[in-house]
> 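So that we are looking at the same thing, I have put the structure below in structure tokens.
Predicted model, so just to flag it, every value in this text is computed and none were measured. Within every chain, numbering begins at 1; the chains are lettered A, B, ... in the order of the sequence lines, protein sequences first and strands thereafter.
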Amino acid sequence: MGHVLPPAFYDRNVVEVAIELLGKLLVSRTREGLAAGRIVEVEAYLSRRDKACHASRGRTPGNAAMFGDPGTAYVYPIHSRCCFNAVTQPEGEPSAVLVRAIEPCRGESLMKRRRGAVPEMDLARGPGRLCEALGIGRDRNKHNLTSGRGLWIEQNPGMRLSEAIYCSPRIGVTRAQDRYLRFFLLGNRYVSGPRRPPRKRRVKYQFPTRGVE
DNA sequence: GTTCGGATTATCT
DNA sequence: GATAATCCGAACC
């Protein structure tokens with residue numbers, strides 16, 4: 001096992017965590033075996049003030065995991081599928097990063113068994129497919145991602161030199177379309193959504209520059 | 001109890 | 001790209 005991301009990693013602003021999750025390794029171990037992939041697409045959901053965030057309507061039994069500690073898994077069902085989020089902590093508000101796609105790295109045969117006969121590229125392209133490929137079910141809701149058991153995220157070599165982070169509006173949400181809170185590796189074949197997003201709806205992400213001393 | 005809409009996806013055109 | 005399938009949680013009665 002590699003280096004499991006600790007609670008401190010998640011205990012930061014959700015956008016910061018979302019961007020840094022790109023390139024990390026999402027690992028799932030079940031009785032069936034181990035499967036893992038490199039995170040290539042994420043979305044940030046920004047607590048109560050973000051109308052697209054489940055927590056914006058307050059705490060309910062369904063979204064309670066989002067109100068948990070940073071590093072908690074928030075798994076919720078939608079349209080007969082599951083979506084996987086990692087809870088973060090922006091100024092004490094319930095927020096989370098939705099992991100939308102991974103590039104399969106380990107346990108591809110297990111993923112294929114779970115997903116059926118689909119193109120390699122579609123094994124874990126999209127939040128629902130990703131959960132199916134990794135065997136992430138509702139039983140993982142509220143799972144502690146920092147324990148290194150069952151489901152966790154590992155440090156990874158990370159970004160390749162040729163890779164650039166782009167952002168766009170979040171997919172599938174009708175509200176807050178002016179917010180560019182989806183982050184992905186431009187050109188990566190395992191990223192979901194239209195293969196060529198309209199240029200107007202995507203921009204290169206600029207890392208905040210530190211002041212020159 | 002019923003209704004309604006969604007952080008989706010497969011399957012069309 | 002458009003649509004239908006499908007089902008759960010939330011909101012309302």
> Rounded to whole Å, how long is the line connecting atom CZ of A:Arg115 with atom C1' of B:dT8?
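About 11 Å, once rounded to whole Å.
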> Stacking between A:Tyr76 and B:dA7, defined as ring centres under 5.5 angstrom apart with planes under 30°, is that present or not?
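It does not: the two rings, one from A:Tyr76 and one from B:dA7, miss the stacking criterion.
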> Under a plain distance cut-off of 3.5 Å, with no hydrogens placed, do A:Arg125 and A:Ser192 share a side-chain donor-acceptor pair?
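Per modelled atom types, A:Ser192 and A:Arg125 side chains form no pair under 3.5 Å.
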> Output the rounded distance in Å from CD (A:Glu41) to C1' (B:dT8).
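Result: 13 Å.
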> Starting from the 5' end of DNA chain B, give me the residue, A:Thr174 or A:Pro127, whose nearest nucleotide shows up first.
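Mapping each residue to its closest nucleotide by heavy atoms, the 5'-most match is A:Thr174.
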> Figure out the CZ/C1' separation between A:Phe84 and B:dT8, and round it to whole Å.
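The distance from CZ of A:Phe84 to C1' of B:dT8 comes to 18 Å, rounded to the nearest Å.
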> If you find the nucleotide of DNA chain B closest to A:Glu132 and the one closest to A:Val173, which residue's nucleotide is nearer the 5' end?
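Mapping each residue to its closest nucleotide by heavy atoms, the 5'-most match is A:Val173.
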> Could A:Arg189 and A:Asp122 be called an ion pair, given the rule that one side-chain N must be under 4.0 Å from one carboxylate O?
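No.
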> Would you please confirm or rule out a distance under 4.0 Å between OP1 or OP2 of B:dA7 and any side-chain N or O of A:Arg81?
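So the side chain of A:Arg81 is outside the cut-off, no N or O lying under 4.0 Å from OP1 or OP2 of B:dA7.
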> Verify whether the ring centers belonging to A:Phe183 and A:Tyr205 lie closer than 6.0 Å.
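That pair passes the under 6.0 Å test.
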> Report yes if at least one side-chain N or O of A:Arg125 is closer than 4.0 Å to OP1 or OP2 of B:dT8; otherwise report no.
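Checking A:Arg125 against B:dT8: no side-chain N or O falls below 4.0 Å of OP1 or OP2.
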> Charged N to carboxylate O under 4.0 angstrom, A:Glu32 versus A:Arg113?
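Between A:Arg113 and A:Glu32 there is no salt bridge, as every charged N stays at least 4.0 Å from the carboxylate O atoms.
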> Looking at every strand, decide which applies to A:Arg175 at a 4.0 Å heavy-atom threshold: base, sugar-phosphate, or nothing.
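The residue A:Arg175 makes no contact with any strand.
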> Could you tell me which nucleotide pairs with B:dA7 by Watson-Crick or G-U wobble geometry, both distances under 3.5 Å, or answer none if nothing does?
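Base-paired to nothing in any strand shown.
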> Report the distance from atom CE of A:Met66 to atom P of B:dA7, rounded to the nearest whole Å.
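Computing the A:Met66:CE to B:dA7:P distance gives 11 Å.
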> OP1 or OP2 of B:dA7 less than 4.0 angstrom from a side-chain nitrogen or oxygen of A:His54, does that happen here?
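Indeed, a polar side-chain atom of A:His54 lies that close.
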> Between C:dA4 atom P and A:His79 atom NE2, what is the distance in whole Å?
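Computing the A:His79:NE2 to C:dA4:P distance gives 14 Å.
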> Rounded to whole angstroms, how far apart are CG on A:Asp122 and C1' on B:dT8?
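The answer, rounded to whole Å, is 14 Å.
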> In whole Å, I'd like the distance from the CZ atom of A:Arg129 to the P atom of B:dT11.
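Taking CZ of A:Arg129 and P of B:dT11, I get 10 Å after rounding.
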> In terms of the angle between their ring planes, are A:His54 and A:Tyr76 parallel, tilted or perpendicular, with boundaries placed at 30° and 60°?
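Perpendicular, since the angle between the ring planes exceeds 60°.
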> A:Cys83 has a side chain; which of C:dC7, B:dT9, B:dT8 sits nearest to it?
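Per side-chain heavy atoms of A:Cys83, the pick is B:dT8.
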> Select one nucleotide: of C:dC8, B:dA10, B:dA7, the one nearest the side-chain heavy atoms of A:Pro77.
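Output: C:dC8.
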> Picking from C:dT6, C:dA10, B:dT8, which would you name as closest to the side chain of A:Arg100?
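Ranking C:dT6, C:dA10, B:dT8 by closest atom to the A:Arg100 side chain puts B:dT8 first.
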> If I take atom OH in residue A:Tyr45 and atom C1' in nucleotide B:dA7, what distance separates them, rounded to the nearest angstrom?
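Rounding to the nearest Å, OH of A:Tyr45 and C1' of B:dA7 are 4 Å apart.
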